[in-house]
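What you see below is based on every heavy atom in this structure, not just the backbone, and it leaves out hydrogens, waters and symmetry mates. Remember, predicted model here, so these are calculated numbers, not experimental data.
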Amino acid sequence: MANLSALTQTAVGGLRQSLERFDRAAATLAQPLALVAEDQVSIEGAKSPDWVGASVDLRVQKYAAVANLRVLGTAAEVEREALAIGARR
């Protein structure tokens, strides 16, 4: 059972990281575009958020979260089966 606990902990850690990255990407997408007035010139240029990268990251983290949830489900199923086998002995 110790290995199962490690599997569950790893999946929970991965899920937590996916949700944190998802939140960061969503926050990036929520940033407004920095505009420079037409009659102004800026040497630095207007820095805009990386909306494309954030959109891709949202999608990737969605699938990473789903994968970690499936690992958790499989770990729970294996644990139930192991307990059922142990109860039959």
Student: CG of Asp23 to CD of Glu20: how many Å apart, nearest 0.5 Å?
Tutor: 8.0 Å
Student: Can you list, by chain and residue number, the hydrophobic cluster partners of Val52 when the side-chain cut-off is 4.5 Å?
Tutor: none
Student: Is any side-chain heavy atom of Ser55 closer than 4.5 Å to a side-chain heavy atom of Leu29?
Tutor: yes
Student: For the residue pair Leu7 and Val71, what are the closest heavy atoms and their distance?
Tutor: CD1-CG1, 3.7 Å
Student: Considering only Ile, Leu, Val, Met, Phe, Trp and Tyr, and joining two whenever side-chain heavy atoms are under 4.5 Å apart, list the other residues clustered with Leu72.
Tutor: Val12, Leu15, Leu19, Leu69
Student: List the residues meeting side chain to side chain donor-acceptor pair (under 3.5 Å) with Asn68, not counting sequence neighbours, and say none if there are none.
Tutor: none
Student: I need the minimum non-hydrogen distance between Ser18 and Gln61, along with the two atoms involved.
Tutor: CA-OE1, 3.3 Å
